[in-house]
Amino acid sequence: MRYRINQKTQDKISELGLGSAYMPQTPLDQAIPALRRAYEGGINYYDLAAGDGKAFPMYGEAFADVRKNILYQIHFGADYSKGTYGWSLNLDTIRRSIEKQLKELRTDYIDYGFIHCQDEFSDWETYRENGVYDYILELKEQGIVRHIGLSSHTPAVIQRIMEDVSIDMLMFSVNPAYDYGQGEYANGSVDERTAIYRRCEAEGVGISVMKPFSGGQLLSAAQSPFGQVLTPYQCIRYALDKPGVLTVLPGAQSVEEVETLLQYFDQPEEALDYSVIGSFAPPQASGKCVYCNHCKPCPMGIDIGLVNKYYDLALTGDNLAVQHYKALKKNAADCVQCGHCDSRCPFSVRQSERMTKIQTFMESQE
Ligand code: SF4
Ligand code: SF4
């Protein structure tokens, strides 16, 4: 397992986490071993926007003895009073739901208390008017909620909420379909979505990724909007390459499915290369580096994806990215303009020209 640090909370978070949309459909005697296998495989981050309320006693039984070693995302707005998931903005409903969830999880604290599923500006207004956000703050003051998160599919709403309040984690739907305007939650333009990744990275807000396979669509040639299959491993790498992303949260229902996910870390680089999406990138995405490193190897040993990521972040005013760039052993100043990357890039990035721009810009920064 590999881990990333949430810069705002200093929590060490596994690159692969687990979502809980499907696990509750699994019989208990299969779900418990699956969750324990995830834990033994190093997964320490678990999202609890479950498809069914049965998830909570299940997780409680699986993890009560190791609770202090794992992190839960718990959602203020997910209601299970009717058994299956329901969305609510009502304070009393949410309060009852949270109290029940804590009891069934056999815990008395919440690592990340999430402002849940805010996709419209009006959702956020109602959420605050109804006192739900204040309730999260109240629990934070009591030490029950450690950190605050936000889940949303909509970049404009995320920007607004990040202006209004401070968050430590964002749960966002990240996959190539949504980023390229395809699928149910393909909200926001390429640039608006990219701005979310960059803002989170610059402000140290971690991103946990929901729907990394676009609800399974990307794994099926018949259903994929691109008419071409991607593997789960390509989708996971794609999400982990986005600035700000700390962890990806696919679902699983059995020990075997958890093991298949964990094999992500044993895949050769070629199996993780998702540059095929360049062939279906929309015109507005053409010429923009997605940090995929398909253009490697650079004869000068430049990590082209990383240099570009730091540059894009530096353009948004992220001075830390400038410092990270300057600490690289090889950077744009080492480019000899051989053009190899230009000929390899499936996204039509004129990378050799970009290296000149990056060098000039970085030299102007302190
Ligand atoms: S220049 Fe192209 S191939 Fe290289 S990292 Fe950027 S998008 Fe990927
Ligand atoms: S043009 Fe520069 S960055 Fe691209 S492969 Fe050649 S040396 Fe590396």
Side-chain angles (χ1 to χ4, degrees), residues 15 174-182 189-198 201-202 207 209 212 218 226 228 230-231 233-245 248 264 267-316 318 321-322 324-365:
E15 286 187 355
V174 180
N175 61 59
Y178 297 168
D179 278 352
Y180 288 168
Q182 303 287 328
S189 65
V190 175
D191 286 345
E192 285 167 330
R193 297 177 67 82
T194 303
I196 293 297
Y197 305 132
R198 290 183 186 155
E201 172 81 27
I207 299 175
V209 173
L218 288 172
F226 305 124
Q228 187 163 347
L230 291 178
T231 67
Y233 305 129
Q234 287 171 304
C235 296
I236 292 170
R237 169 56 78 85
Y238 174 86
L240 285 171
D241 276 351
K242 293 291 161 211
V245 169
V248 179
Y264 167 76
Q267 300 302 308
E269 276 301 309
E270 313 83 79
L272 302 176
D273 185 338
Y274 53 82
S275 56
V276 63
I277 65 171
S279 59
F280 38 71
Q284 68 267 33
S286 178
K288 291 181 182 162
C289 182
V290 298
Y291 325 124
C292 67
N293 268 331
H294 184 72
C295 50
K296 273 177 151 181
C298 161
M300 301 308 292
I302 301 169
D303 186 332
I304 297 172
L306 196 57
V307 162
N308 278 270
K309 197 183 286 191
Y310 288 151
Y311 174 58
D312 286 337
L313 291 166
L315 288 179
T316 67
D318 182 352
V322 175
H324 286 320
Y325 171 86
K326 294 200 169 180
L328 291 173
K329 284 205 181 93
K330 299 277 183 175
N331 63 32
D334 295 292
C335 174
V336 293
Q337 298 288 309
C338 72
H340 173 78
C341 50
D342 300 330
S343 62
R344 288 268 297 158
C345 178
F347 300 88
S348 310
V349 178
R350 295 198 329 227
Q351 188 55 249
S352 53
E353 277 177 27
R354 205 168 139 89
M355 283 288 163
T356 307
K357 265 194 211 155
I358 296 174
Q359 183 187 359
T360 309
F361 176 83
M362 288 298 186
E363 282 175 359
S364 72
Q365 302 296 300

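When a ligand or atom number is given, it counts from 1 through the structure's own listing order. Any value given below was found using the heavy atoms of this structure, including those in side chains, with hydrogens, waters and symmetry copies removed.
At the top of the distance list for atom 5 (S) of ligand 1, counting protein heavy atoms only, stands Asn293 N, 3.1 Å. Counting only heavy atoms of the protein, atom 8 (Fe) of ligand 2 lies nearest to Cys298 SG, 2.4 Å. Residue, atom and distance of the protein heavy atom nearest to atom 7 (S) of ligand 2 are Val336 N, 3.5 Å. Of all protein heavy atoms, the one lying nearest to atom 6 (Fe) of ligand 2 is Cys338 SG, 2.3 Å. Atom 2 (Fe) of ligand 2 has as its closest protein heavy atom Cys335 SG, 2.3 Å.
Close contacts of ligand 1 with Phe347, meaning ligand atoms under 4.0 Å from a residue heavy atom, involve 7 (S). Distances below 4.0 Å separate heavy atoms of Cys345 from the following atoms of ligand 1: 1 (S), 2 (Fe), 3 (S), 7 (S). Remark: ligand 1 atoms within the under-4.0 Å shell around heavy atoms of Cys295 are 1 (S), 3 (S), 4 (Fe), 5 (S). Every atom of ligand 1 is numbered from 1 in the order shown, and the set under 4.0 Å from a heavy atom of Gln351 is 1 (S). Ligand 1 places these atoms under 4.0 Å from at least one heavy atom of Cys292: 3 (S), 5 (S), 7 (S), 8 (Fe). Ligand 2 places these atoms under 4.0 Å from at least one heavy atom of Ser352: 1 (S). For ligand 2, the atoms closer than 4.0 angstrom to any heavy atom of Pro299 are 5 (S). Near Gly339, meaning under 4.0 Å from one of its heavy atoms, ligand 2 places the atoms 1 (S), 6 (Fe).
Note: Tyr311 and Tyr325 fail the aromatic proximity criterion, with ring centroids not under 6.0 Å apart.
Among the backbone and side-chain atoms of Cys341, none of the N, O or S atoms lies under 2.8 Å from atom 6 (Fe) of ligand 2. For Cys289, the nearest N, O or S atom to atom 6 (Fe) of ligand 1 falls under 2.8 Å.
Proximity of a side-chain donor or acceptor of Glu201 to a complementary backbone N or O of Pro243 within less than 3.5 Å is not detected. For the pair Arg198 (side chain) and Thr316 (backbone), a donor-acceptor distance under 3.5 Å is absent.
At least one side-chain heavy atom of Val276 sits under 4.5 Å from a side-chain heavy atom of Gln228.
Ser189 and Asp191 form no side-chain donor-acceptor contact under 3.5 Å, judged by distance and modelled atom types alone. In this structure, a donor-acceptor pair under 3.5 Å is present between the side chains of Asn308 and Gln351. With 3.5 Å as the limit, one finds no donor-acceptor pair spanning the side chains of Asp241 and Tyr197.
Using a 4.0 Å cut-off between charged nitrogen and carboxylate oxygen, Arg350 and Asp342 do not count as a salt-bridge pair. A salt bridge between Arg237 and Glu15 is absent, with no side-chain N of the basic residue lying under 4.0 Å from a carboxylate O of the acidic one.
Taking every heavy atom of both residues into account, His294 and Ser275 meet most closely at ND1-OG, 2.8 Å.
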